There are 2 protein chains.
Amino acid sequence: MNAAPDLNPFRPTKQRQVMLEELAKANHPTACELYERVRLRLHRIGLGTIYRNLELMAASGIILKLEVGGSQKRYDAQTEPHYHIRCSRCGLVENIDMHVIQNVIAAASRKTAYNIIGHHIEFTGECPKCQRKARNACLEQERSFV
Amino acid sequence: MNAAPDLNPFRPTKQRQVMLEELAKANHPTACELYERVRLRLHRIGLGTIYRNLELMAASGIILKLEVGGSQKRYDAQTEPHYHIRCSRCGLVENIDMHVIQNVIAAASRKTAYNIIGHHIEFTGECPKCQRKARNACLEQERSFV
DNA sequence: CTGCATGCAAACCGTTTGCATCCCC
DNA sequence: GGGGATGCAAACGGTTTGCATGCAG
């Protein structure tokens with residue numbers, strides 16, 4: 001009699017375990033940011049492993065691959081639908097505590113012949129830190145005028 | 001007396017003129033797609049010129065650089081704020097004829113300490129063409145079962 | 001004539017992939 | 001022991017950049 005085939009495609013390795021832990025602690029990290037974090041605990045891990053596992057986890061729905069602006073993809077441990085805000089200066093991405101707008105998909109469905117699967121709202125703006133920096137730079141300049 | 005400095009940073013070259021014309025005709029093209037179009041009319045143009053000018057035009061607000069999902073950036077001749085829908089299969093990006101949700105920025109402002117500059121809603125789904133393709137592939141398979 | 005704009009090609013950066021080795025089941 | 005997972009490094013695709021030349025003002 002054959003052993004039942006392994007239906008779960010996910011073998012829980014040390015690398016995957018640490019990746020998930022660090023992803024949960026980090027704030028929408030890029031693959032490289034996650035790599036740096038994980039490397040502090042598993043110093044021989046390769047970037048390829050990070051990318052391969054992120055891809056697998058996203059495909060299986062364990063994590064979310066964020067299709068946000070900017071040149072690098074970001075990853076999120078929170079898989080319930082939610083919106084994001086991205087700082088136009090430093091690129092930081094944060095959750096925005098807003099209810100998903102239920103009507104928006106219905107409205108969009110009425111407008112197109114697409115079979116709509118999902119949606120994402122991304123706000124852009126200056127994060128508090130960058131606002132402070134800009135203000136300080138401004139004061140600096142005023143002072144130099146005196 | 002000095003001549004007034006050229007305030008418009010934009011020298012209207014043949015390349016820029018053709019780029020803008022083709023961008024207006026194309027449907028949210030990537031830089032490469034625009035390059036192919038422009039090359040039919042100016043066959044010695046280089047990709048570098050395309051990227052450089054797209055960047056300049058976006059910076060000066062003449063066109064829009066779309067921060068949509070996918071690995072390539074896309075560009076849009078329509079600069080008024082509007083939303084997009086992207087096919088999850090073929091990557092096609094189209095405008096969606098929906099009013100910009102005015103309340104959404106106010107709501108987001110209340111929720112964060114960010115200085116919010118803008119927002120973008122991106123829907124994902126299957127475009128009609130890809131839906132047809134999928135349906136046909138399905139029929140094909142059913143037929144092979146008979 | 002001057003300096004911005006161009007064509008060309010090399011460099012760059014993020015990501016993917018091939019392969020030998022490792023290790024979990 | 002076997003097959004999936006890993007580390008490593010090379011390849012890849014999209015974008016940016018340096019430089020000599022061209023061309024608009």
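These figures come from a predicted structure and were not determined experimentally. Proteins get letters first, then strands, A, B, ... in listed order; numbering begins at 1 in each.
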S.K.: Which residues, if any, of residues 30-50 of chain A bring a heavy atom under 4.0 Å of DNA chain D?
M.R.: R44(A), I45(A), G46(A), T49(A)
S.K.: What pairs with K14(A) under side chain to side chain donor-acceptor pair (under 3.5 Å), at least two apart in sequence or on another chain?
M.R.: none
S.K.: Quickly work out the R16(A) CZ to dT6(D) C1' distance and round it to whole Å.
M.R.: 9 Å
S.K.: Mind jotting down which residue pairs meet the salt bridge (charged side-chain N to carboxylate O under 4.0 Å, His left out) criterion with at least one end in residues 106-118 of chain B? Sequence neighbours excluded, please.
M.R.: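 Qualifying pairs: none.
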S.K.: Do the side chain of E33(A) and the main chain of N27(A) share a donor and acceptor less than 3.5 angstrom apart?
M.R.: no
S.K.: Holding to salt bridge (Lys or Arg N to Asp or Glu O under 4.0 Å), I want the full list of residues that pass it with E21(A), two or more places apart in sequence or in another chain.
M.R.: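 Listed in chain order: R41(A).
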S.K.: Table please: side-chain donor-acceptor pairs of residues 66-73 of chain B below 3.5 Å, with sequence neighbours left out.
M.R.:
| residue | atom | partner | partner atom | Å |
| --- | --- | --- | --- | --- |
| E67(B) | OE1 | G70(A) | N | 2.8 |

S.K.: Restricting to pairs with a member in residues 120-130 of chain A, which pass side-chain hydrogen bond (donor to acceptor under 3.5 Å, both in side chains), not counting sequence neighbours?
M.R.: H84(A)-H120(A), R86(A)-E122(A), R89(A)-E126(A), E126(A)-N115(B)
S.K.: Starting from C1' on dT17(C), measure out to OH on Y51(A) and report it in whole angstrom.
M.R.: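 Result: 13 Å.
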S.K.: Between residues 62-72 of chain A and DNA chain C, which residues have a heavy-atom gap below 4.0 Å?
M.R.: Q72(A)
S.K.: Expressed as a whole number of angstroms, how long is the span from N53(A):CG to dA5(D):C1'?
M.R.: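 Checked: the CG to C1' distance equals 8 Å.
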S.K.: Give me the distances for all protein-to-nucleotides 18-21 of chain D N/O pairs that come in under 3.5 Å?
M.R.:
| residue | atom | partner | partner atom | Å |
| --- | --- | --- | --- | --- |
| dG18(D) | O6 | R52(B) | NH1 | 3.2 |

S.K.: Of all residues at least two apart in sequence or in a different chain, which pass the side chain to side chain donor-acceptor pair (under 3.5 Å) check with K133(B)?
M.R.: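 Partners of K133(B) by the side chain to side chain donor-acceptor pair (under 3.5 Å) criterion come out as none, since no residue qualifies.
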S.K.: Taking side chain to side chain donor-acceptor pair (under 3.5 Å) as the definition, give me every residue that meets it alongside Y83(B), ordered by chain and number, with sequence neighbours left out.
M.R.: H119(B)
S.K.: With R135(B), which residues qualify under side-chain contact (heavy atoms from CB on, under 4.5 Å), at least two apart?
M.R.: R132(B)
S.K.: Measure the angle between the two terminal helix axes of the helix from dC1(C)-dG25(D) to dC25(C)-dG1(D), five base pairs each, and quote it to 10°.
M.R.: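 The value is 30°.
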S.K.: Between dT6(D) atom C1' and M57(A) atom CE, what is the distance in whole Å?
M.R.: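 It works out to 13 Å between those atoms.
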S.K.: Could you state the NZ-C1' distance from K73(A) to dT15(C), rounded to the nearest angstrom?
M.R.: 8 Å
S.K.: Under 4.0 Å: is that the gap between some side-chain N or O of Q15(B) and OP1 or OP2 of dC23(D)?
M.R.: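 No, Q15(B) has no side-chain N/O under 4.0 Å of OP1/OP2 on dC23(D).
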